[in-house]
Amino acid sequence: MTPWTFHNPVDVRAGNGALAQLPRLVGARDALLIAFPEAEALGLVGRVRELLGDRLVAVETDIRPNPDLRWLAPLYERLWREHRGARCVIALGGGSSIDCAKAMLTATPSGRFDELLDHLVDPKAAPLSADAPHRALIAVPTTAGTGSEVTPWATLWDAARGRKHSLHLPWTWPEAAIVDPSLMVSLPVGATLASGLDALSHALEALWNVHRNPVSSSLAASAARAIVATLPALLREPRRLDLREALAVAALQAGMAFSNTRTALAHSLSYDITLTRGTAHGIACSFSLPRVMRLAFGRDATLDARLLSIFDAADADGAVAALERFLAALGVSTDPADYGISPDDWDSRVAQALRGPRGRNFIQALA
């Protein structure tokens, strides 16, 4: 067997009521809270205030989907200017809140956001010191899907220039993650669907990945089975805490799996669809999964067996059909035309995506 490594440094605290462990994790540090807009009305901000008292020195809830440089930059500079001594950031919410919080961690030499952006564009030309007073992150997801609570990556969007940036630095791994399913019960059905399908995409993309290893594959396969079994039932009964917990565990497993592999072709295909059409990320990265899975079959016998087992199928055609039926039953079209993409354009996008950094993670790259 070729040597392999599995690494994930995040301290995970999970289960109903796990939020109560937040004060112990924050310790004596001053903390900033980055949360989604409805968190105040739902009482979640109040719960954090009650737990932390005067250690909570700032609360930001004007966090929009797909964090964009246009509003990230002024938020970053204000928080570093007004609360430079805060050593901890708490992210409460879905992927957008956690990605936004990751952008607030890095201490640039002058406190300007453009220095962080320059580093993302060219790290050698704009180095950042590991010894700077970077902040630590405690991620508290309120959706079951992003996996960002156990990965170092954040996607930052630049809609004005039609592009995105991937933030990934040694200190953007969360220090800790609190996965408390009771925080997810109020999540609307649409967000539950999109985040659950994001988690399924993470799981499958970790499986058909050139960087997979036995641990990541085991976590990913377990996550995919659980999501396929749980998500339809949860959408019918969204307030069932046991189903929320099952999906939260599956999303956590998927996050841990792709924290070692990164995502692959389906995610690469999704970014332009989200940027140009505003399609929710979880839908944009999952509608293509049957087509991508068909490309993955026949590359590795062990992978094929895992995929057949997940979808209880006898062959590749059966597995692809099962995944198509699963998505259709959830109201998700798998036809690129429904996302404004013609057949010729789709083939061109796939060819282009396979040449990109995420596409090169796809198992077809082994060919």
Side-chain angles (χ1 to χ4, degrees), residues 5-11 29-32 34 57-58 60 63 66-91 95-139 146-177 210-211 255 258-264 267-268 271 275 355-361:
T5 300
F6 182 89
H7 172 71
N8 191 297
V10 183
D11 179 5
R29 297 174 291 187
D30 284 347
L32 311 174
I34 304 291
V57 297
E60 299 290 338
I63 306 304
N66 305 319
D68 191 272
L69 304 185
R70 180 175 53 83
W71 57 267
L72 278 173
L75 176 62
Y76 170 96
E77 293 177 3
R78 178 168 58 79
L79 288 179
W80 275 101
R81 183 176 63 251
E82 297 177 0
H83 303 286
R84 192 165 187 85
R87 301 267 47 85
C88 179
V89 178
I90 301 162
S96 293
S97 294
I98 300 175
D99 282 3
C100 175
K102 287 177 180 177
M104 302 298 123
L105 301 178
T106 299
T108 60
S110 68
R112 294 201 318 271
F113 186 82
D114 59 5
E115 293 174 322
L116 173 59
L117 187 59
D118 289 344
H119 179 83
L120 297 182
V121 174
D122 189 349
K124 292 182 179 179
L128 294 172
S129 172
D131 297 324
H134 306 301
R135 293 168 171 147
L137 174 64
I138 298 174
T146 175
S148 190
E149 70 273 12
V150 287
T151 78
W153 302 300
T155 299
L156 311 182
W157 300 85
D158 186 353
R161 294 178 176 83
R163 63 188 183 188
K164 71 171 188 70
H165 299 277
S166 183
L167 173 64
H168 174 206
L169 296 164
W171 51 86
T172 54
W173 281 101
E175 179 180 273
V210 298
H211 304 296
F258 92 91
S259 76
N260 275 244
T261 65
R262 301 196 179 201
T263 52
H267 268 72
S268 182
Y271 295 125
L275 189 64
R355 294 191 293 269
R358 290 291 182 268
R360 291 195 296 272
N361 294 338

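Using a distance-only test at 3.5 Å, with no hydrogens or angles considered, no donor-acceptor pair links the side chain of Arg29 to the main chain of Cys88. In terms of modelled atom types and a separation under 3.5 Å, the side chain of Lys164 and the main chain of Asp158 share no donor-acceptor contact. With hydrogens and angles ignored, the 3.5 Å screen pairs a side-chain donor or acceptor of Tyr76 with a backbone N or O of Thr106. Judged by distance alone, with hydrogens and angles left aside, the side-chain atoms of Asn260 form a donor-acceptor pair with the main-chain N or O of His7 at under 3.5 Å. Side-chain N or O atoms of His168 include none that pairs as donor or acceptor with a backbone N or O of Trp153 at under 3.5 Å. With Ser96 contributing its side chain and Asn66 its backbone, the two residues share a donor-acceptor pair below 3.5 Å. Of the possible polar contacts, one joining the Arg87 side chain to the Pro133 backbone as a donor-acceptor pair under 3.5 Å is found.
Looking only at side-chain heavy atoms (C-beta outward), Glu60 and Leu75 come within less than 4.5 Å of each other. Side-chain contact between Glu175 and Leu137 is absent, with no heavy atoms from C-beta onward closer than 4.5 Å.
Remark: Arg135 is positioned above the aromatic ring of Trp80, its terminal NZ or CZ atom under 6.0 angstrom from the ring centre and at most 45 degrees off the axis.
Of the N and O atoms on the side chains of His83 and Asp30, not one donor lies less than 3.5 Å from an acceptor on the other residue.
For the pairing with Thr108, the side chain to side chain donor-acceptor pair (under 3.5 Å) check across His134, Glu115, Glu77 returns one residue only, Glu115. Under the side chain to side chain contact (heavy atoms under 4.5 Å, CB included) rule, Lys102 has a single partner from Leu156, Val89, Thr151, which is Thr151.
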